[in-house]
2 protein chains.
Amino acid sequence: MEKENLKKYSNVEECPVRNVLDRIGDKWSLLILLILEEEKVLRFNELHNYIVSISQKMLSVTLKSLEADGLVKRTIYPQVPPKVEYELTERGSSLLPHIHSLVAWSKDNIGDIKQSRKDYELVSQK
Amino acid sequence: MEKENLKKYSNVEECPVRNVLDRIGDKWSLLILLILEEEKVLRFNELHNYIVSISQKMLSVTLKSLEADGLVKRTIYPQVPPKVEYELTERGSSLLPHIHSLVAWSKDNIGDIKQSRKDYELVSQK
DNA sequence: ACTATTACTAACTTCAAAGTAAGTATTTAA
DNA sequence: TTAAATACTTACTTTGAAGTTAGTAATAGT
């Protein structure tokens with residue numbers, strides 16, 4: 001990578017990584033992807049039962065943006081009361097190994113990182 | 001992964017991935033890590049020249065939290081005017097392959113994702 | 001005496017993500 | 001006729017990340 005390439009990353013809107021991180025870096029997307037990977041197909045309220053601390057609004061908003069990005073597929077059944085099912089798309093599934101790689105690194109390093117944070121606090125004596 | 005494990009992920013503070021994503025998911029950390037990987041050692045103003053759009057405050061804040069997490073090492077030379085050098089730590093370097101894996105996926109898929117977003121906008125006729 | 005240099009910090013403002021609370025549509029069942 | 005169920009939406013408020021602007025310390029050079 002030369003300076004030219006790095007310069008490109010400075011342009012936030014154009015950056016592919018920024019686009020993807022803005023998605024999975026939000027509060028709920030990653031969790032929803034991991035749950036759907038495990039459970040294959042879930043309805044709105046089933047997802048809500050998995051993530052009790054999310055509001056209906058945030059679940060709805062997050063699912064919509066995952067759907068918009070083609071990471072999650074939404075199937076609606078014309079019934080009353082309504083039935084809507086969510087599952088990963090192929091694109092969503094193809095992203096997950098990369099996430100698991102990050103998950104593994106995080107688990108391996110979170111202990112040391114938390115210790116570093118403590119040490120840093122002491123050194124910068126707040 | 002069983003339900004028990006997924007439940008754990010619902011607890012945001014405890015989640016190792018959340019801890020790491022909160023760091024690299026911010027606006028500037030990832031970019032700084034990538035630049036330091038390439039350039040090895042840089043001073044404050046040299047980094048600023050790479051990322052012209054960052055403010056001094058955000059560069060300072062971001063470097064501090066990367067340092068606190070032990071991903072970046074800060075070396076200060078007692079000179080006037082001051083000289084401070086930043087470089088990756090081993091921990092920082094060990095994170096980068098996982099980031100590159102995400103970068104690669106993002107580059108491969110950003111085209112399709114942007115198309116999906118357009119299609120989705122049309123279907124949801126705003 | 002004044003200016004330049006470097007690596008910041010402090011105080012304040014802005015803005016978008018996230019949260020809260022209430023409401024909606026539709027049909028079946030009691 | 002009223003309640004229950006599902007999958008939401010709407011309107012409003014809160015919060016925290018990020019941005020803006022100005023200032024600081026210390027010394028060397030003119």
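Chain identifiers are assigned alphabetically (A, B, ...) following the order of the sequence lines, protein sequences preceding nucleic acid strands; residue numbering begins at 1 within each chain.
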| note | Judged by nearest nucleotide, the residue sitting upstream toward the 5' end of DNA chain D, P82(A) or Q56(B), is P82(A)
| query | Within less than 4.0 Å of OP1 or OP2 of dG19(C), is there a side-chain N or O belonging to K27(A)? | reply | yes
| Full working for side-chain hydrogen bond (donor to acceptor under 3.5 Å, both in side chains) between S29(A) and D26(A) | CA-CA 6 Å; S29(A) 291; D26(A) 72 2; 2.8 Å; yes
| To the nearest angstrom, how far is L59(B) atom CG from dA18(D) atom C1'? | 14 Å
| field | Residue pair I24(B) / L102(A), side-chain heavy-atom distance below 4.5 Å | value | yes
| said: Is any side-chain heavy atom of Y86(B) closer than 4.5 Å to one of E46(B)? | reply: no
| field | Candidates dC8(D), dT6(D), dA18(D) - which lies nearest the side chain of M58(B) | value | dA18(D)
| field | D26(A) side chain, from C-beta outward: closest of dC8(C), dA7(D), dA18(C) | value | dA18(C)
| message | From CG of D22(A) over to P of dA18(D), roughly how many Å is that when rounded to an integer? | response | 10 Å
| said: Counting C-beta onward and ignoring hydrogens, is there a side-chain heavy-atom pair between L95(A) and N109(B) closer than 4.5 Å? | reply: no
| field | Short side-chain N/O contact from R43(A) to OP1 or OP2 of dA7(D), under 4.0 Å | value | yes
| query | Does Q79(A) CD have over 12 foreign heavy atoms under 6.0 Å away? | reply | yes
| request: Look at the side chain of F44(B) and decide which nucleotide, out of dA7(C), dA5(D), dT9(C), has an atom nearest to it. | output: dA7(C)
| request: Report the distance from atom CG of L30(A) to atom P of dA17(C), rounded to the nearest whole Å. | output: 18 Å
| Interatomic distance, K83(A) NZ vs dT28(C) P [rounded to whole Å] | 17 Å
| said: Closest-nucleotide mapping onto DNA chain D: is L63(A) or K57(A) further toward the 5' terminus? I mean the 5' end. | reply: L63(A)
| query | Rounded to whole angstroms, how far apart are OH on Y77(A) and C1' on dA25(C)? | reply | 21 Å
| remark: Between CD1 of I76(B) and C1' of dA25(D) the distance, given in whole Å, is 12 Å
| Candidates dA7(D), dC8(C), dG19(C) - which lies nearest the side chain of W28(A) | dG19(C)
| task | Pick out which of L42(B), L88(B), L63(B) makes a side chain to side chain contact (heavy atoms under 4.5 Å, CB included) with I32(B). | result | L63(B)
| Taking OP1 and OP2 of dA21(C), is either one under 4.0 Å from a side-chain nitrogen or oxygen of S55(A)? | no
| said: Over all strands shown, is Y86(A) touching base, sugar-phosphate only, or nothing at heavy-atom distances under 4.0 angstrom? | reply: sugar-phosphate
| query | Which angle, to the nearest 10 degrees, lies between the helix axes at the two ends of the helix from dA1(C)-dT30(D) to dA30(C)-dT1(D), each defined by five pairs? | reply | 30°
| task | Rounded off to whole Å, could you give me the CG-to-P distance for the L47(A) and dC8(D) pair? | result | 10 Å
| query | Does R23(A) make a side-chain N or O approach to OP1 or OP2 of dA17(C) shorter than 4.0 Å? | reply | no
| said: Heavy-atom count check: over 12 atoms from other residues, nucleotides or ligands less than 6.0 Å from K83(A) NZ? | reply: yes
| Exercise: identify the closest heavy-atom pair between W105(B) and R91(A) | CZ2-O, 3.5 Å
| note | E46(A) atom CD is separated from dC8(D) atom P, nearest whole Å, by 13 Å
| remark: Between V80(A) and I54(A), whichever has its closest DNA chain C nucleotide further toward 5' is I54(A)
| Does S60(A) put a side-chain nitrogen or oxygen below 4.0 Å from OP1 or OP2 of dA7(D)? | no
